[in-house]
Amino acid sequence: MTMAKRDTYTPESLLAVAVEVFNERGYDGTSMEHLSKAAGISKSSIYHHVKGKEELLRLAISRALDGLFAVLDEPGAVEGRAVDRLEHVTRRTVEVLMAELPYVTLLLRVRGNTGTERWAMERRRDFDHRVAELLKEAAADGDLRADVDVRLATRLLFGMINSVVEWYRPGRGGVTSGEVAEAVLRTAFAGLRTSG
């Protein structure tokens with residue numbers, strides 16, 4: 001784990017350190033003492049900027065969620081055929097996941113033990129529901145195979161996308177976010193799209 005220097009400490013660097021510690025130790029297993037040691041600052045310095053570790057969790061998870069929800073407002077997500085919008089959202093979700101990897105990893109690991117975690121899980125469900133609606137619309141348009149259950153397809157698509165946090169490591173393997181996004185699209189939509 002990298003240690004932030006006192007003279008370069010910023011709220012943003014504190015957040016980055018907190019996310020790293022939360023992902024390493026788990027949110028419940030992280031104390032303010034762990035955070036202060038990892039950041040190289042005193043606990044009082046942390047409390048000067050945030051009320052506690054739950055506020056850091058909310059800031060981190062908000063960063064991930066804001067990135068994902070922003071995808072749903074992009075022109076490619078709101079214009080055109082549903083299947084094309086779905087492909088755009090899938091591609092961009094993978095790209096956001098990879099760009100905000102530590103933050104999205106933390107989001108995917110919350111279990112609902114705190115108010116912030118329950119809020120995050122509800123927002124995740126909302127995002128998932130909005131993508132599922134695109135799948136349903138694309139199926140109704142006849143662009144997705146009729147023999148694939150839409151609810152199952154939704155779960156499988158998210159399973160594939162979310163699994164990226166488990167194996168992708170920036171700078172290793174020489175694969176870009178664009179290449180991963182295209183591989184997810186080819187793999188998922190070859191099995192979902194109707195031929196023709």
Side-chain angles (χ1 to χ4, degrees), residues 1-77 89-128 130 158 161-181:
M1 181 179 309
T2 55
M3 299 288 282
K5 291 186 173 80
R6 289 176 193 270
D7 59 348
T8 60
Y9 161 76
T10 64
E12 184 63 26
S13 66
L14 172 62
L15 185 60
V17 169
V19 169
E20 189 175 346
V21 176
F22 291 157
N23 282 333
E24 182 181 290
R25 301 184 63 87
Y27 175 74
D28 291 333
T30 300
S31 68
M32 290 301 284
E33 184 70 26
H34 294 126
L35 294 174
S36 71
K37 283 183 181 176
I41 59 174
S42 68
K43 286 192 279 186
S44 63
S45 293
I46 294 173
Y47 286 119
H48 178 72
H49 293 280
V50 295
K51 293 176 186 161
K53 73 175 192 171
E54 191 163 355
E55 185 176 344
L56 287 166
L57 178 67
R58 188 175 186 97
L59 290 168
I61 288 172
S62 291
R63 180 169 163 166
L65 286 165
D66 290 349
L68 292 171
F69 274 93
V71 168
L72 299 176
D73 294 327
E74 293 173 353
V89 169
T90 300
R91 177 184 296 106
R92 292 288 296 126
T93 298
V94 172
E95 290 171 354
V96 167
L97 184 149
M98 295 175 77
E100 301 290 350
L101 187 65
Y103 299 89
V104 176
T105 299
L106 182 61
L107 171 64
L108 295 175
R109 291 182 178 166
V110 299
R111 297 291 172 248
N113 296 331
T114 67
T116 296
E117 289 177 291
R118 288 186 291 279
W119 165 81
M121 291 175 74
E122 185 58 38
R123 287 214 57 211
R124 259 183 67 195
R125 279 191 290 274
D126 183 36
F127 180 83
D128 293 356
R130 289 183 60 186
F158 279 115
I161 293 168
N162 294 344
S163 74
V164 173
V165 303
E166 300 303 327
W167 59 265
Y168 176 73
R169 297 297 170 260
R172 291 192 209 155
V175 63
T176 67
S177 64
E179 290 168 334
V180 173

Decide yes or no on side-chain contact (heavy atoms from CB on, under 4.5 Å) for Met32 and Leu35, but give the supporting numbers first.
CA-CA 5 Å; Met32 290 301 284; Leu35 294 174; 3.9 Å; yes

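- At a threshold of 4.5 Å between non-hydrogen side-chain atoms, the residues Trp167 and Val180 count as touching.
- Considering every non-hydrogen atom in both Arg25 and Thr30, the closest pair reads CB-OG1, 3.5 Å.
- In this structure, CG in Leu59 is found 12.5 Å from NE2 in His49, a value given to the nearest 0.5 Å.
- Listed here is the closest heavy atom pair of Lys53 and Asp28: NZ-O, 3.9 Å.
- Between the Asn23 side chain and the Pro102 main chain, a donor and an acceptor come within less than 3.5 Å of each other.
- Remark: the backbone N or O of Thr176 is paired with a side-chain donor or acceptor of Glu179 at under 3.5 angstrom.
- A 4.5 Å side-chain heavy-atom check between Tyr103 and Leu65 finds every atom pair outside the cut-off.
- Because its NZ or CZ atom is not both nearer than 6.0 Å to the ring centre of Tyr27 and within 45° of the ring axis, Arg109 does not count as a cation-pi partner of that residue.
- With respect to Arg63 and Glu12, a salt bridge is recorded, a charged nitrogen being found less than 4.0 Å from a carboxylate O.
- Ion pair Glu117/Arg111 not flagged as a salt bridge, since none of the NZ, NE, NH1 or NH2 atoms sits closer than 4.0 Å to an Asp/Glu carboxylate oxygen.
- Under the 4.5 Å side-chain criterion, counting only non-hydrogen atoms from C-beta, Leu15 is not in contact with Val50.
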Between Thr90 and Thr93, is the side chain to side chain donor-acceptor pair (under 3.5 Å) condition met? List the steps.
CA-CA 5 Å; Thr90 300; Thr93 298; over 6 Å; no

As a quick check of understanding, evaluate salt bridge (charged side-chain N to carboxylate O under 4.0 Å, His left out) for Glu95 and Arg92, giving each step before the final call.
CA-CA 5 Å; Glu95 290 171 354; Arg92 292 288 296 126; 3.0 Å; yes

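- In this structure the side chain of Val164 never reaches within 4.5 angstrom of the side chain of Val104, judged on heavy atoms.
- Side-chain contact of Thr116 with Glu54: a donor-acceptor pair under 3.5 Å is present, judged by distance alone.
- Between Ser163 and Tyr168, every side-chain heavy-atom pair lies at or beyond the 4.5 Å cut-off.
- In this structure, Leu101 CG and Leu106 CG are separated by 11.0 Å, a value rounded to the nearest 0.5 Å.
- You'll find the side chain of Asp66 reaches within 4.5 Å of the side chain of Arg123, heavy atoms only.
- With rounding to the nearest 0.5 Å, the separation of CD1 in Ile46 from CD in Glu55 is 12.0 Å.
- The shortest non-hydrogen separation linking Ser36 to Ser42 is CB-C, 3.9 Å.
- Side-chain N/O atoms of His34 and Ser31 include a donor and acceptor closer than 3.5 Å.
- Counting only distance, with no hydrogens or angles, the side chain of Ser62 and the backbone of Arg58 share a donor-acceptor pair below 3.5 Å.
- In this structure, CZ in Arg124 is found 9.5 Å from CG in Leu68, a value given to the nearest 0.5 Å.
- Contact check for Glu122 versus Arg118: no side-chain heavy atoms found under the 4.5 Å cut-off.
- Across all their heavy atoms, Val89 and Ala77 have their closest contact at CG2-CB, 3.6 Å.
- Side-chain contact between Thr105 and Glu166 is absent, with no heavy atoms from C-beta onward closer than 4.5 Å.
- Minimum heavy-atom separation, Ala120 to Ile61: CB-CG2, 3.4 Å.
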